[in-house]
Number of protein chains: 2
Amino acid sequence: MKNMEEIVAKLSNIMVQMEDAAKDQFNLSNLTHTQMNYLETIHMLGNPNITELANILKLSKPTVKVTIDKFIEKEFVYKVQSDEDRRSAHLHLTEKGKLINQMHDFAHKRIAESFKNKLNDHELQTMIDLLNKVLSK
Amino acid sequence: MKNMEEIVAKLSNIMVQMEDAAKDQFNLSNLTHTQMNYLETIHMLGNPNITELANILKLSKPTVKVTIDKFIEKEFVYKVQSDEDRRSAHLHLTEKGKLINQMHDFAHKRIAESFKNKLNDHELQTMIDLLNKVLSK
DNA sequence: AAATATAGTTAGAAAATACTAACTAAAAGA
DNA sequence: TCTTTTAGTTAGTATTTTCTAACTATATTT
């Protein structure tokens, strides 16, 4: 089904565009691409420790440690010492660090709005049902 | 319509995941995040000159120049001198540079497949029609 | 209990990414 | 034609991002 791939490509482009626009809007905080990737990955993983984060990012632990130290200084991230394993600490996003998620939420809201603007109520409900079906495991 | 935003968020996550997986597959070429962003932007813009690329990336011209020089050395990009304006040169992706697009195509194909696997023929056609409607200007 | 493994850190260094200021050459405007 | 603007470059430098090797402290295995 050739057509579907083209549609997915367009959809992907629009979503990327919306995310980029949201990044511009929220980019008061002067974060580099790399830094945003760290925060996104921390959010995605829950509250990983440095070793887990390094594995997912495919970077060495000292590299990740250096970056996280800077985040802690800038109050984007804080550490919580683990009870089970006293060597380890979990990384948490501060409210400032969670700005990244708000940015994504904003982009998703805009995308959802463009769906709503282009479809009538019945079509929208059909779309929701079908997407739910696709996204269900 | 609260539900739609959640669905968009999930859809976005899945698309990002697929793109990341594709990046892993194709990442023989050892490109950094930043470097991929350059190649994607060159593709997106057509064949920009250095000034245009710098403006879009919001970086200084010398910064972009240095990076492009490395790409030229590694044969991901080549320059074509402009006929209209002899000061200027257009940036083109080599076959190697176009790997980035193949990577995206691969991700889109996988996403399209997951749509096809979850929906029957009739549902799929409905989805295509609705997405077309959403994506039309 | 001793040996090994794991989580995180420190130190030192290299490469990648970014900047400003000053330049050349071509184009555009007065 | 003279001046100004624009595209790209060069030089010098700062910051960010990354690495390996060696270390401490805690946890796990034998």
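It should be emphasised that the depicted structure is a prediction, and the values quoted were computed from it without experimental measurement.
Between B/Ile100 and B/Leu31 the shortest side-chain heavy-atom distance falls below 4.5 Å. Side-chain contact between B/Tyr78 and B/Ile72 is absent, with no heavy atoms from C-beta onward closer than 4.5 Å.
Rounded to an integer number of Å, the gap from B/Asp69 CG to C/dA18 P is 15 Å. Atom-to-atom, CG of A/Leu91 to C1' of C/dT9 comes out at 14 Å; the value is rounded to the nearest Å. One can place NZ of A/Lys74 at 10 Å from C1' of D/dT15, the figure rounded to the nearest angstrom. Across the protein-nucleic acid pair, B/Ile50 atom CD1 and D/dG8 atom P stand 6 Å apart, rounded to whole Å. Between the NE2 atom of A/His90 and the P atom of C/dG8 there is a distance of 9 Å, given to the nearest Å. Rounded to whole Å, atom P of D/dA7 lies 14 Å from atom NZ of B/Lys79. Separating the NE2 atom of B/His33 from the P atom of D/dT18 is a distance of 10 Å, rounded to the nearest angstrom. One atom, NZ of A/Lys70, and another, P of C/dT9, lie 15 Å apart when rounded to the nearest Å.
Using a cut-off of 4.0 Å between Lys/Arg side-chain N and Asp/Glu carboxylate O, B/Asp69 and B/Lys65 are scored as salt-bridged. With respect to the salt-bridge test (charged N to carboxylate O, under 4.0 angstrom), the residues A/Lys98 and A/Glu95 qualify. Taking a cutoff of 4.0 Å between a charged side-chain nitrogen and a carboxylate oxygen, B/Lys70 and B/Glu73 do not qualify as a salt bridge.
Within 3.5 Å, no donor on the side chain of A/Lys65 pairs with an acceptor on the base of C/dG8, nor the reverse.
At least one side-chain nitrogen or oxygen of B/Thr63 sits closer than 4.0 Å to the OP1 or OP2 atom of C/dC19. Side-chain N/O atoms of A/Lys58 include none lying less than 4.0 angstrom from OP1 or OP2 on D/dT17. Taking only side-chain nitrogens and oxygens, A/Gln81 never comes nearer than 4.0 Å to OP1 or OP2 of C/dA7. Taking only side-chain nitrogens and oxygens, A/Tyr38 comes nearer than 4.0 Å to OP1 or OP2 of D/dT18.
Between A/Val66 and B/Glu52, the residue whose closest nucleotide on DNA chain D is further toward the 5' end is B/Glu52.
Set against C/dT9, C/dT17, C/dC19, the side chain of B/Thr32 has C/dT17 as its closest nucleotide. You'll find that the side chain of B/Leu59 is closest to C/dC19, out of D/dT18, C/dC19, D/dC19. Comparing C/dC19, C/dG8, D/dG8 against the side chain of A/Ser88 picks out C/dG8 as the nearest.
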Evaluation steps, side chain to side chain donor-acceptor pair (under 3.5 Å), between B/His104 and B/Glu40: CA-CA 10 Å; B/His104 287 299; B/Glu40 282 167 3; 2.9 Å; yes
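The side chain to side chain donor-acceptor pair (under 3.5 Å) check on A/Asn132 picks up nothing, with sequence neighbours excluded.
At least one donor-acceptor pair closer than 3.5 Å links the side chain of B/Ser114 to the backbone N or O of B/Ile111.
Residue B/Thr51 is in sugar-phosphate contact alone, with no base atom involved, counting any heavy-atom pair closer than 4.0 Å across all strands shown. Using a 4.0 Å heavy-atom distance criterion, B/Thr34 is classed as a sugar-phosphate-only contact.
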Heavy-atom protein contacts under 4.0 Å, nucleotides 22-30 of chain C, coded B base, S sugar-phosphate only, - none: ---BBS---
